[in-house]
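Predicted, not measured: the structure shown is a model, and the values here were computed from it.
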Amino acid sequence: MRKVLFLSPLDNIAVCLSDIAAGEMISQEGREVTAIEHIPRGHKISIRGILKSEGVIKYGERMGHATTDIPVGAHVHTHNVLGDRLSTEQV
Amino acid sequence: MSAPQLLGYPRSDGRWGFRNHILLLPLHQALCNTAREIENSVFSAVAVSHDWSGEIDSDFERIAKVFAGIANNPNNFSTIFLTIGTETETKIIERSRVLGATPLHVLSLSDSGSMAHLLTSAIALASQLKEAANKESRVLAPVSAIVLGLECGGSDAYSGITANPALGLASDRLVELGATSILGETMEILGSEHLLAARALNPAVGQQIIDLVARYERSINYEGIDIRGAQPSRGNIEGGLSTLEEKSLGAAKKAGSAPFTGVLEYADHPTAPGLYFMDTPGHDIEQLTGFAAAGVNIAVFTTGRGTPTGSTVIPTIKVATNTQMGSVLADLIDLNAGTIADGSQSLEEVGSLIFDKIIEVANGRQTKAELGAHHEFNLSRLYGSTL
């Protein structure tokens, strides 16, 4: 059973296919990432460090930017990502 | 990359059909029931039903274009118009003749003298045409014969990571082999149009994509609806989608990563192979109807909740985004892409299966929607009614 889905080699996130517990190590397709917090199924985990204002890349495309520095293994969602154009939230 | 063996029906205008339908197209709501009765009497004839009864309002241009386009879809061997005998109907028939791809027949109630007589003569004509259609054999077709429609409906949290990107791989491969592929649903690309525009073959096409979304936004703002604040929805966010771009990218993934060759207005025909974006409503059936009028001859429909709809003339392949629905609704689903999330198959493997399925269905294999006689058709009215 695959735990995460890597969608493009350019991505700095992966999509979790099941709930991932804090401290859980994911070793898959030659990569290793340790979750630093709980990440729900269907949500994103950072597979590289992402600096504040840097693009969050999914499918090899920019889906928004980090609103804070995001370490490897973190839950990447509305609390630390904002869309570039249209968004439901304000910084 | 080797080209698959494809078998189809060559049409007089150079396009190809993958079905050989006798289409029964009533040009008035009052004749839709008659069309259905003919469909029930003549095996594999296809009837269209709608609620239009000849009103000439601001939608007439759009409606006439759709009727003329559907009548001339390359999957038709022949089209029979059923009419009351009005001038409005004559206008649509004349417009259909200009396209000139499909042999057209007209049976009017005013000439027949009675509904019963109209029905009898229509059944006789449809049977005779069916016999002629059955005598035609498929011949070897180039991959450029394929005009693929990309559609999703009843999306879920898996759509953007399983079925849509897998379909995108199949679409990319077909486009590379010289086929045409069309992405629709303007509402769905709102938020990622700048990313899609960056994939345009040239800046002019990129600008057309931007302009088309801006026009759509103006039209919904006119209706007093602001969808910016509503997307991604609360349910989307709970499911893990963080930004509108992310949601739109997931929908647009059906179109893979090929460059956009051009932009089409609703129901317009693509004129050269490649990947296109068409301005369509988000409503599934209206979108498929627009595709059919544009000459799409095969479609793939990804679904998370198991939308049962098909199309009047386009064989429509259903791809499930998750294994649970894919196994529960097996009589609706042709292929399960949920295996990508289960971990038993890769995106590339499922992309290949979708590609193979497209070829198999083009060559005559019936889809679940066809076996279930899903011949849905909807006329698209103004945007306000289609949200």
Check: B:E246 main-chain N/O paired with A:K58 side-chain donor or acceptor under 3.5 Å: no

Tightest non-hydrogen contact, residues A:Y59 and B:I161, listed as OH-N, 4.1 Å

Should we count CZ of A:R2 as having more than 12 external heavy atoms under 6.0 Å? yes

Taking CD in B:E348 as the centre, count heavy atoms belonging to other residues, nucleotides or ligands within less than 6.0 Å. Is the count above 12? yes

Scored by heavy-atom pairs under 4.5 Å with chain A, the best of B:G250, B:P165, B:S248 is B:G250

Can you tell me which portion of A:V76 sits under 4.5 Å from chain B's heavy atoms? Options are side chain, backbone, both or neither. backbone

Restricting to non-hydrogen atoms, name the atom on B:G240 and the atom on A:K44 that form the minimum distance, rounded to 0.1 Å. O-NZ, 2.7 Å

Counting N and O atoms only, with roles assigned by atom type, does the side chain of B:E245 sit under 3.5 Å from a partner on the main chain of A:D84, one being a donor and the other an acceptor? yes

Test your reading of the model: is there a side-chain donor-acceptor pair from B:T243 to the backbone of A:L82, 3.5 Å cut-off? no

So for atom CZ, which belongs to A:R48, do other residues, nucleotides or ligands contribute more than 12 heavy atoms lying within a distance under 6.0 Å? yes

Comparing B:S192, B:S257, B:S344, B:G239 against chain A, the one with the most heavy-atom pairs below 4.5 Å turns out to be B:G239

Any side-chain heavy-atom pair of B:L241 and A:H77 under 4.5 Å: no

Given a strict heavy-atom distance threshold of 4.5 Å, which part of B:L347 is in contact with chain A: side chain, backbone, both, or neither? side chain

Could you go step by step and tell me if A:E61 and B:R199 meet the side-chain contact (heavy atoms from CB on, under 4.5 Å) rule? CA-CA 11 Å; A:E61 311 233 38; B:R199 268 171 56 188; 4.2 Å; yes

Given 3.5 Å as the limit, does a donor-acceptor pair link the side chain of B:Y158 with the main chain of A:G42, or not? no

Under 4.5 Å heavy-atom distance to chain B, tell me which part of A:L17 shows up: side chain, backbone, both or neither. both

How many angstroms lie between atom CG of A:L7 and atom CD1 of B:I340, to the nearest 0.5 angstrom? 9.5 Å

